Amino acid sequence: MNEKNSKIIPSFFGEKRFYSADRWLKEHFGKKTIKLAIDGGFTCPNRDGSKSFGGCTFCSDSGSGEFASSIDEQISLLSDKWPHAYYLAYLQNHTNTYAPVDRLKAIYMDVLKNPEIKGLVIGTRPDCLSEEVLDLLDEINKNYFLWIELGLQTIHQTTASDINRCYDLSTFDDACRHLEKRKIKFVVHLILGLPGETEEMMLDSVRYVSAVPGIFGIKLHLLNIVKGSAMEKTHHDYQPFDSIDSYVDMVVRCLEIIPPNITIHRLTGDAPRSILINPPWSFNKRTILNRIDQQLNLRDTWQGKKAPDYVTDFK
């Protein structure tokens with residue numbers, strides 16, 4: 001059997017049965033590397049009236065950045081546990097390429113001049129990557145560590161309209177092509193459990209994204225109904241999955257079809273209990289992650305076991 005196409009657990013996974021971003025970062029930097037969620041003060045074209053108001057229907061008032069705080073505050077909290085860690089600044093709230101380029105550059109460079117920060121992670125939308133913004137990101141990528149996070153959520157247009165995403169799939173495709181052309185790493189966000197989506201629809205989104213040329217990583221989010229979102233009013237009692245076990249089963253099936261060279265950056269949601277409405281078990285993050293590990297072991301399966309043939313000469 002051709003070694004590159006053999007369906008065995010890749011050694012670069014380490015102790016996991018999937019290729020965690022934590023593992024990749026540790027290999028790349030040589031030590032534990034932590035993302036610090038910070039608020040760059042941005043808004044979103046779905047909130048300021050450029051495309052819509054109110055944001056995507058699942059998004060909280062803070063733009064899904066409930067854990068953002070200052071760099072110094074986060075390092076102070078983390079330094080006892082990881083005294084020798086490296087840090088990446090993660091611009092998370094709202095759309096962090098949605099501003100004039102001069103302002104973007106000033107914000108990015110102000111973060112990067114902090115001696116504790118080894119690189120930048122920028123969360124944005126595919127429709128907020130103009131040529132000027134891409135040129136700025138290209139410049140930063142040539143001099144600093146960088147990856148971009150794109151909020152896609154689903155490939156299905158009916159769902160995209162229902163959640164008020166306000167861009168189509170071709171816009172996502174174009175953004176990925178531009179980033180790949182400039183050799184800028186990018187991570188794609190998908191939400192599992194969006195209203196109206198079947199399990200096969202969710203798997204179709206995973207298959208599609210997994211085949212995008214140049215993709216660096218995937219985030220799988222459990223849909224959380226949270227206070228301050230439009231779904232608080234329209235889907236207050238909606239249960240995206242009826243139990244932890246049903247969600248874990250879905251995640252395992254997703255991992256099986258994701259090629260092993262794609263890094264996994266998230267496997268569940270992470271809403272604070274103070275704003276979480278549904279599902280009520282979502283805050284049990286450690287329990288969910290442990291059960292995913294358990295099921296991967298019990299089923300003797302792993303990331304990429306059911307994916308198309310792949311190569312692993314990507315490092």
Side-chain angles (χ1 to χ4, degrees), residues 19-42 44 63-65 67-68 70-71 74-75 78 85-152 171-190 209 212-219 261-266 314-315:
Y19 197 16
S20 71
D22 182 66
R23 171 79 177 183
W24 187 93
L25 286 166
K26 197 171 294 183
E27 292 176 337
H28 181 83
F29 287 105
K31 61 171 65 179
K32 176 74 174 179
T33 304
I34 303 168
K35 285 197 309 179
L36 307 177
I38 61 174
D39 186 348
F42 295 96
C44 174
S64 297
F67 295 102
S70 75
I71 290 174
Q74 292 182 74
I75 291 177
L78 295 167
Y86 282 161
Y87 299 99
L88 303 176
Y90 178 23
L91 289 162
Q92 181 181 26
N93 304 48
H94 301 297
T95 304
N96 296 278
T97 60
Y98 185 53
V101 171
D102 288 347
R103 183 186 169 212
L104 293 178
K105 185 171 185 177
I107 291 171
Y108 299 162
M109 298 312 297
D110 184 61
V111 172
L112 287 167
K113 74 181 182 183
N114 186 318
E116 298 285 351
I117 298 301
K118 302 300 180 184
L120 197 59
V121 177
I122 300 173
T124 190
R125 293 165 51 95
D127 58 345
C128 292
L129 291 172
S130 66
E131 197 71 22
E132 284 185 319
V133 169
L134 286 165
D135 287 344
L136 171 61
L137 297 177
D138 190 25
E139 176 187 339
I140 292 172
N141 189 52
K142 289 174 179 175
N143 295 287
Y144 301 91
F145 182 86
L146 172 71
W147 81 61
I148 305 301
E149 303 210 353
L150 299 174
L152 175 64
T171 301
F172 167 78
D173 293 337
D174 288 343
C176 293
R177 278 193 290 269
H178 290 308
L179 291 168
E180 195 273 337
K181 180 181 178 181
R182 289 168 169 80
K183 302 187 186 305
I184 298 172
K185 296 179 182 66
F186 60 92
V187 175
V188 180
H189 295 212
L190 294 174
V209 167
V212 170
I215 185 170
F216 170 59
I218 290 176
K219 277 189 173 181
N261 59 308
I262 296 175
T263 50
I264 304 300
H265 294 243
R266 184 181 289 277
F314 56 88
K315 293 187 179 181

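In this text, all values refer to a predicted model and were calculated from it rather than measured experimentally.
A distance of 4.5 Å separates CG in Leu129 from OG1 in Thr97, rounded to the nearest 0.5 Å. The distance from the NE2 atom of His178 to the CG atom of Asp135 is 10.5 Å, given to the nearest 0.5 Å. To the nearest 0.5 Å, the span separating OG1 on Thr33 from CD on Glu27 amounts to 11.0 Å. In this structure, the separation between CD1 on Ile262 and OH on Tyr19 is 12.0 Å, given to the nearest 0.5 Å. Considering CZ of Arg23 and NZ of Lys26, their distance stands at 8.0 Å, rounded to 0.5 Å. Asn96 contributes atom CG, which lies 7.0 Å from atom OG1 of Thr124 (distance to the nearest 0.5 angstrom).
Trp24 and Phe145 have tilted rings, their planes meeting at an angle from 30° to 60° on a 0 to 90° scale.
In terms of heavy-atom proximity, Ile184 sits nearest to Ile148 at CG2-CG1, 3.7 Å. Looking at every heavy atom in both residues, Tyr98 comes nearest to Cys128 through CD1-SG, 3.9 Å. Shown here for Gly151 and Pro126, the closest heavy-atom pair between the two residues is O-CD, 4.0 Å. Between Val111 and Ala89, the shortest heavy-atom distance links the atoms CG1-CB, 3.2 Å.
Residues Ile215 and Cys176 have side chains not in contact (no heavy-atom distance under 4.5 Å, counting atoms from C-beta outward). Considering only heavy atoms from C-beta on, Leu120 stays 4.5 Å or farther from Leu88 through its side chain. The shortest side-chain heavy-atom distance between Asp22 and Ile34 does not fall under the 4.5 Å cut-off. Looking only at side-chain heavy atoms (C-beta outward), Val212 and Glu180 stay at 4.5 Å or farther from each other. The shortest distance between side-chain heavy atoms of Thr95 and Asp127 does not fall below 4.5 Å. You'll find the side chain of Phe42 reaches within 4.5 Å of the side chain of Leu104, heavy atoms only. Between Leu25 and Tyr86 there is no side-chain heavy-atom pair separated by less than 4.5 Å.
The environment of NZ in Lys32 is crowded: more than 12 heavy-atom neighbours from other residues, nucleotides or ligands sit within 6.0 Å. Heavy atoms from other residues, nucleotides or ligands lying under 6.0 Å from NZ of Lys181 number 12 at most.
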#### Entry: Full working for side-chain contact (heavy atoms from CB on, under 4.5 Å) between Ile38 and Leu91
CA-CA 5 Å; Ile38 61 174; Leu91 289 162; 3.7 Å; yes
#### Entry: Thr171 and Arg125: CA distance, side-chain angles, deciding distance, side-chain contact (heavy atoms from CB on, under 4.5 Å) verdict
CA-CA 10 Å; Thr171 301; Arg125 293 165 51 95; over 6 Å; no
### From CA spacing to verdict: side-chain contact (heavy atoms from CB on, under 4.5 Å), Arg182, Asn141
CA-CA 9 Å; Arg182 289 168 169 80; Asn141 189 52; over 6 Å; no
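Under the side-chain hydrogen bond (donor to acceptor under 3.5 Å, both in side chains) rule, Glu149 has a single partner from Gln92, Lys185, Lys219, which is Lys219.
Note on Asp138 versus Lys183: no salt bridge recorded, every NZ/NE/NH1/NH2 to OD/OE distance being 4.0 Å or above. By the 4.0 Å N-to-carboxylate-O rule, Asp174 lies close enough to Arg177 to be salt-bridged with it. Salt-bridge check for Arg103 with Glu132: failed, with every basic side-chain N at 4.0 Å or more from each acidic carboxylate O.
Residues meeting the side-chain contact (heavy atoms from CB on, under 4.5 Å) test with Tyr144, sequence neighbours left out: Met109, Leu112, Ile140. Scored by the side-chain contact (heavy atoms from CB on, under 4.5 Å) test, Glu116 finds Ile75, Tyr87, Asn114 as partners (sequence neighbours excluded). Every ring-ring contact (aromatic ring centres under 6.0 Å, His included) that His265 has, sequence neighbours left out, goes to Trp147, Phe216.
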